[in-house]
*Asks:* 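So that we are looking at the same thing, I have put the structure below in structure tokens.
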Amino acid sequence: MSAEPISAEQLQRDWAAITPARAKALQLETARQVRLQPDLPTPATVAGVDVGFENRDTARAAIVVLRHRDLEPVDYALARLPVRFPYVPGLLSFRECPVILKALEQLQTLPDVLLCDGHGVAHPRRLGIAAHLGVLTGLPTVGVAKKKLYGWHGPVPEGRGEWTPLMAGRASAGKASAGKENQAGETLGAVLRTRPGFKPLFVSPGHRLDLQGALDLVMHCTTRYRLPETTRWADGLASNRGQRWLARLEALPGAGG
DNA sequence: GCGACAG
DNA sequence: ATCTTGTCGC
């Protein structure tokens, strides 16, 4: 039933001439394959993935695999590919998935779970890049975003690890309900305070785990910064100053590329 | 018509 | 995402 891991090359062909309109339709179909379930087995490894742009039309994906136990890097991969889809809010995966799959194929060993830059099911059609990547690869995935794309939420508690639900739909306006919100929507994710005094992160499950599992994992990976270590590594490698981070990786024991 | 709008 | 200078603080 569920799709086998698709190759980057195949994906490139499938999406070669896709339009935003067709992409939205495809999201509705693909979202039906997303599976959110509790009790993700404790992973041995957790990876972070991010995409940077060397220029207007060249994307660069970076994946860094960390040991779950101590968050030490054990593997990484880099890939480049021409950009063939514009940035459209809600359609991010069509722009970034191809180059990410290419990088995944270069890893020595696949990670047990993947933390993505962007949302999971906290998306208008429930298929943020993390959810889409999960279905495409079959891997458990988590969405970790710095800004909201969709949904509404109340005040975020100040303590580290505290959070408030990110609900589907839009906050009800009107003075009659000032202070209180609609109870109608479903919980899609969480607005999580990883560090007191800093802006919160938007966490949502992507595939093969639930919200609690996503939150536990993100907190486990977040030590002394606002962002999880996975994201920080991938971010660094995908960016312009990637050389600096590359040097740190190559100085490590068993981290090949 | 007006605001919202991952990376 | 990317383009960019300085600045405040541990």
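Just so we're on the same page: letters track the sequence lines, and every chain starts at 1. Basis for what follows: all heavy atoms, side chains included, without hydrogens, waters or symmetry-related copies.
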*Asks:* Would you indicate what A:G90 reaches in the nucleic acid, counting non-hydrogen atoms under 4.0 angstrom: base, sugar-phosphate, or nothing?
*Replies:* base
*Asks:* What's the NE2-P distance between A:H123 and B:dA6, to the nearest Å?
*Replies:* 11 Å
*Asks:* For a quick test of reading the model: is some side-chain N or O of A:K146 closer than 4.0 Å to OP1 or OP2 of C:dA1?
*Replies:* yes
*Asks:* If you draw the axis of the six-membered ring of A:F53, does the NZ or CZ of A:R95 fall within 45° of it and under 6.0 Å from the ring centre?
*Replies:* yes
*Asks:* Give the ring-plane orientation class for A:F94 versus A:W15, where under 30° counts as parallel, over 60° as perpendicular and anything between as tilted.
*Replies:* tilted
*Asks:* Does A:N240 put a side-chain nitrogen or oxygen below 4.0 Å from OP1 or OP2 of C:dA1?
*Replies:* no
*Asks:* I need the CG-P distance between A:L115 and B:dA6, as an integer number of Å.
*Replies:* 20 Å
*Asks:* What is the separation between atom NZ on A:K147 and atom P on C:dT2, rounded to the nearest whole Å?
*Replies:* 12 Å
*Asks:* According to a strict under-4.0 Å criterion, is A:Y87 in side-chain N/O contact with OP1 or OP2 of B:dA6?
*Replies:* yes
*Asks:* CG of A:L91 versus P of B:dA6: gap in Å, rounded?
*Replies:* 12 Å
*Asks:* May I have the distance from A:F53 (atom CZ) to B:dA6 (atom C1'), rounded to whole angstrom?
*Replies:* 12 Å
*Asks:* Without hydrogens or angle criteria, can the side chains of A:Y76 and A:E250 be said to hold a donor-acceptor pair below 3.5 Å?
*Replies:* yes
*Asks:* For the pair made of CG in A:D117 and P in C:dT2, what is the distance, rounded to whole Å?
*Replies:* 10 Å
*Asks:* To the nearest angstrom, how far is A:R95 atom CZ from C:dT2 atom C1'?
*Replies:* 11 Å
*Asks:* Is A:R232 salt-bridged to A:E229, cutoff N-O under 4.0 Å?
*Replies:* yes
*Asks:* Do A:P140 and A:D112 make a side-chain contact, defined as non-hydrogen atoms from C-beta onward lying under 4.5 Å apart?
*Replies:* no
*Asks:* Is it the case that the side chain of A:R80 and the backbone of A:T58 share a donor-acceptor pair, with hydrogens and angles ignored and the cut-off at 3.5 Å?
*Replies:* no
*Asks:* For DNA chain C, what dot-bracket results from Watson-Crick or G-U pairs at under 3.5 Å, with [ ] for crossers and | for inter-strand partners?
*Replies:* ..........
*Asks:* Is any side-chain N or O of A:K148 closer than 4.0 Å to OP1 or OP2 of B:dA6?
*Replies:* no
*Asks:* Any donor-acceptor pair under 3.5 Å linking the side chain of A:R84 with the backbone of A:Q12?
*Replies:* yes
*Asks:* How many whole angstroms separate atom CG of A:D235 from atom C1' of C:dT2?
*Replies:* 13 Å
